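Shown next, in structure tokens, is the structure this report addresses.
As the structure lists them, so they are numbered: ligands from 1, and atoms in each ligand from 1. Here the structure is a predicted model, which means the values were calculated and not measured.
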Amino acid sequence: MRMTIVIRYVALFFTLLGTWFIVQTYFDWSLKVVTLRSWTGATKKPSSKQPPRYKCGNQKGCPQDYFAFKIISGAANVVGPSICLDDVILMSSVKNNVGRGLNIALVNGTNGQLLKTEIFDMFSGDINQLETFLNEIKHGTIVLTASYDDAATKMNDKVRAQFMELGSSHVSSLGFRDNWIFLGAKGLKGKSPFEEHIKNDVKTNKYDGWPELVEMEGCAPRKMD
Ligand SMILES: *[C@@H]1O[C@H](CO)[C@@H](O)[C@H](O)[C@H]1NC(C)=O
């Protein structure tokens, strides 16, 4: 009968249509992904979309004749501080050259070369060693300082005055287990803008006996004369 033939063709048509539809969806997907990628250029330059990386991992770059720096104080008595200048980590736990008290790095302010790093135990160490160390700093030296755990127990007026001469404003009020980071220089006229200080206060402390760590990044001018 004619009707049967028509039904047969219609059935065949729908089967083919269904198959085509499935195959189409399946293959079109991978095709679309490929096309989209080449349109957006993602296959050509995957790095072009990443944000630029600045020295010391900072948020911003520095002009010429400036050193990029980042200083992070210790966190409680658990995580050590770190000091970076011009993309070089001068002091850190990984470098195994940090410790309880004051962590100090001396850098040539003209060329950024590391001169010395030293740890001074401010809880039970000999304060005279720090006094001698600060006394011997030559004109034109950049001084980078980060506290860890406690930086004040052994602090005295003489050493406070030495730090003030390097440009510190906060050292005079530095107390037991405060966090303090500072970048100054020998021969600086006036106060350094690069200083952070957070008081140890049971009411606001992040950790039981210690405040939150402090962190500072920026651009310190190179010594030009
Ligand atoms: C820094 O290095 C320069 C040479 O590049 C030198 O003349 C100067 O004395 C050094 N200054 C310090 C403080 O080390």
Evaluation steps, salt bridge (Lys or Arg N to Asp or Glu O under 4.0 Å), between Arg100 and Asp150: CA-CA 7 Å; Arg100 178 175 75 180; Asp150 172 52; over 6 Å; no
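For NZ of Lys186, the number of neighbouring non-hydrogen atoms (other residues, nucleotides, ligands) closer than 6.0 Å is greater than 12.
Proximity of atom 7 (O) of ligand 1 to the protein is not indicated, since no non-hydrogen protein atom lies closer than 4.0 angstrom. Protein heavy atoms are found less than 4.0 angstrom from atom 14 (O) of ligand 1.
Proximity to Asn111 (heavy-atom distance under 4.0 Å) selects the following atoms of ligand 1: 2 (O), 4 (C), 5 (O).
Only the backbone of His139 comes within contact range of ligand 1, with a heavy atom under 4.0 Å; no side-chain atom does.
When Thr145, Leu130, Asn103 are each tested for a side chain to side chain contact (heavy atoms under 4.5 Å, CB included) with Phe120, only one passes: Leu130.
Checking only distances, Thr141 never comes within under 3.5 Å of ligand 1, N or O to N or O.
Distances from atom 3 (C) of ligand 1 to the heavy atoms of Ile142, Asn108, Val107 put Asn108 nearest.
A donor-acceptor contact shorter than 3.5 Å is absent between the side chain of Ser93 and the backbone of Asn96.
The existence of a salt bridge linking Lys206 and Asp201 is excluded, since no basic side-chain nitrogen approaches an acidic carboxylate oxygen closer than 4.0 Å.
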